[in-house]
Amino acid sequence: MQAADGEAWGGTRVSPFDRPEWFALLAESRPGAFTASATQDDATVSMPLNRADGRLEALRNWYSFTWRPLVPHGATGETALQRLAKDLKHEAPRVTLWPLPEEDGSAKRLADAFRKAGWSVALSRCDENHVLHVEGRSFAEYWAGRPGRLRTTLKRKAKKVDVEIVEHFDAKLWQDYENIYSESWKPSEDEPDLLRRFAQAEGAAGRIRFGIARADGKPVAAQFWTVENGIAYIHKLAHLESAKPVSPGTTLSAALFEHVIDRDGVELVDFGTGSDAYKRDWMEEVRPRFMLDALDPRQPAAWIPLAKRAVRAILASAQARR
């Protein structure tokens, strides 16, 4: 699954979640993981998938900001994708793919390819993605546009914590992060060992930006970011509830935004998926994420899900007319 010049389908830059290494990490804990592929002339399309509950689904987990195949540019790439979609009928009666981006056309192109291959396709919005287009601003210029209460919080609380940012993986700092996370408001971590191995690989590649905030010498907040191809990705963040009065998360976030904007010169900051209200204070655009649910009407195992889908469509139409 290689892309030329750091680009994926539609010219979008390759993200951490497009690389073979990421899918290899996921496959280690998923016995049903495999890569489906098809070739048209000199164009090869590969699709990382997982067999689960009698269907095929995207090879992903809750750390994944997006999922998409890397498809070569041009008509041959599109034809290869359609051929692959047709071949998948021999693997399962249902294929579910998410979270699909649409800013690069992935969601629509996948839906079109599966429809042309004879699948019954439903494409629905399943999540959202918060991003910041830096547009050449310095951190100071960006910060001047943040909500007044956020700027006031930083002004009042910044001196109450000390911030450290490193560009390599540090086992001690990662342990601090895990300790903070376990005592934070966050839900239990899914596959924390996988995330640690991912962070180690990103550190070895020089892409990691890891921040830690300390109050009176004690770690109270931590954030795991990466930077590549002009984009900063905010993967994980957590702070101790007991430290909330000194707002360590705000101070640490501001320091990391300043680092990636002024030092790394990124063009985009990606806050991942989820509709958390606090993301709106830092980000300026919300992009949809989609789920593609494809059913093969020629396979009996798909008939009940197809009937349920038809009933939902009828009920939705009736409700819309009220």
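- Side-chain atoms of Gln319 do not come within 3.5 Å of backbone N or O of Ala316 as any donor-acceptor pair.
- Hydrophobic clustering keeps Tyr63 apart from Met291 (ILVMFWY residues linked when any side-chain heavy atoms are closer than 4.5 Å, directly or through intermediates).
- With respect to Arg289 and Glu128, no salt bridge is recorded, no charged nitrogen being found less than 4.0 Å from a carboxylate O.
- Side-chain contact annotation: Asn179 with Gln175, donor-acceptor N/O pair under 3.5 Å present.
- Proximity of Pro305 to Trp303: side-chain heavy atoms (C-beta onward) are nowhere separated by under 4.5 Å.
- Under a 4.0 Å N-O distance rule, the pair Asp270/Arg287 qualifies as a salt bridge.
- The backbone N or O of Ala75 sits less than 3.5 Å from a side-chain atom of Thr79, completing a donor-acceptor pair.
- Phe210 is not listed as a side-chain neighbour of Gln223, based on a closest heavy-atom distance of 4.5 Å or more.
- The side-chain heavy atoms of Asn61 and Leu194, taken from C-beta on, include a pair separated by under 4.5 Å.
- The NZ atom of Lys116 sits 10.0 Å away from the CG atom of Leu81 when rounded to the nearest 0.5 Å.
- In this structure, Lys155 fails the cation-pi test against Trp143, since its NZ or CZ atom is not both closer than 6.0 Å to the six-membered ring centre and inside 45 degrees of the ring normal.
- Between Glu91 and Lys89 there is no salt bridge, since no side-chain N of the basic residue sits under 4.0 Å from a carboxylate O of the acidic one.
- Pro297 is listed as a side-chain neighbour of Leu306, based on a closest heavy-atom distance under 4.5 Å.
- Two residues are said to be in side-chain contact when any heavy atoms from C-beta on lie closer than 4.5 Å; Leu49 and Arg51 fail this criterion.
- By the 4.5 Å heavy-atom criterion applied to side chains, Met283 and Val269 are counted as neighbours.
- A salt bridge is absent between Asp104 and Arg109: the closest approach of a Lys/Arg side-chain nitrogen to an acidic carboxylate oxygen does not fall below 4.0 angstrom.
- Considering all non-hydrogen atoms of both residues, Ala43 and Ala80 come closest at O-CB, 3.9 Å.
- Taking both residues in full, the closest heavy atoms of Asn50 and Gly32 are given as OD1-C, 3.0 Å, listed atom of the first, atom of the second, then distance.
- Remark: aromatic rings of Trp282 and Phe257 are close, center separation under 6.0 Å.
- Without hydrogens or angle criteria, Ser247 side chain to Thr250 main chain gives no donor-acceptor distance under 3.5 Å.
- Remark: Asp87 does not engage Arg83 in a salt bridge, criterion side-chain N to carboxylate O under 4.0 Å.
- In this structure, the side chains of Tyr142 and Glu258 stay at 4.5 Å or more apart for every pair of heavy atoms.
- The pair Arg280-Glu285 does not meet the salt-bridge criterion, since no charged nitrogen lies less than 4.0 angstrom from a carboxylate oxygen.
- At distances below 3.5 Å, not a single donor-acceptor pair connects side-chain atoms of Arg156 with backbone N or O atoms of Thr152.
- Checked for salt-bridge contact, Lys108 and Glu103 miss the test: no charged N lies under 4.0 Å from a carboxylate O.
- Atom CZ of Arg312 is separated from atom OG of Ser124 by 9.0 Å, given to the nearest 0.5 angstrom.
- For the atom pair Leu110 CG and Trp67 CH2, the distance stands at 6.0 Å (nearest 0.5 Å).
- A 4.5 Å side-chain heavy-atom check between Thr251 and Val163 finds at least one atom pair inside the cut-off.
- The CG atom of Leu100 lies 10.5 Å from the CZ atom of Arg60; values are rounded to the nearest 0.5 Å.
- Ion pair Asp18/Arg68 flagged as a salt bridge, since at least one NZ, NE, NH1 or NH2 atom sits closer than 4.0 Å to an Asp/Glu carboxylate oxygen.
- Comment: Arg207 does not engage Glu21 in a salt bridge, judged by the lack of any side-chain N to carboxylate O separation of less than 4.0 angstrom.
- In this structure, Trp119 CH2 and Asp293 CG are separated by 10.0 Å, a value rounded to the nearest 0.5 Å.
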_Worked verdict on Arg263 versus Glu167 for salt bridge (Lys or Arg N to Asp or Glu O under 4.0 Å)_ = CA-CA 12 Å; Arg263 180 167 175 169; Glu167 297 187 359; 3.7 Å; yes

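- Closest of all the heavy-atom pairs between Val134 and Leu268 is CG2-N, 4.2 Å.
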*List the steps and the verdict of salt bridge (Lys or Arg N to Asp or Glu O under 4.0 Å) for Asp276 and Lys279.*
CA-CA 6 Å; Asp276 310 86; Lys279 292 182 179 181; 3.5 Å; yes

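- Salt-bridge check for Arg19 with Glu202: passed, with a basic side-chain N closer than 4.0 Å to an acidic carboxylate O.
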*Carefully, step by step, assess Phe65 and Phe17 under the rule ring pair (Phe, Tyr, Trp, His ring centres under 6.0 Å).*
CA-CA 7 Å; Phe65 290 17; Phe17 311 106; 4.9 Å; yes

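- Side-chain N/O atoms of Arg309 and Ser120 include a donor and acceptor closer than 3.5 Å.
- Listed here is the closest heavy atom pair of Ala255 and Ile165: O-CD1, 3.7 Å.
- A ring-centre distance under 6.0 Å is found for Phe198 and His235.
- Residue Lys157 comes nearest to Val246 through the heavy atom pair CB-O, 3.4 Å, listed as atom of the first residue, atom of the second, then distance.
- We find that Arg137 and Glu267 are not joined by a salt bridge, their nearest charged nitrogen and carboxylate oxygen being 4.0 Å or further apart.
- Distance check, rounded to the nearest 0.5 Å: CG of Asp190 to OG of Ser29 gives 8.5 Å.
- Of all non-hydrogen atoms in Ala199 and Ile208, the two that sit nearest each other are O-CD1, 3.8 Å.
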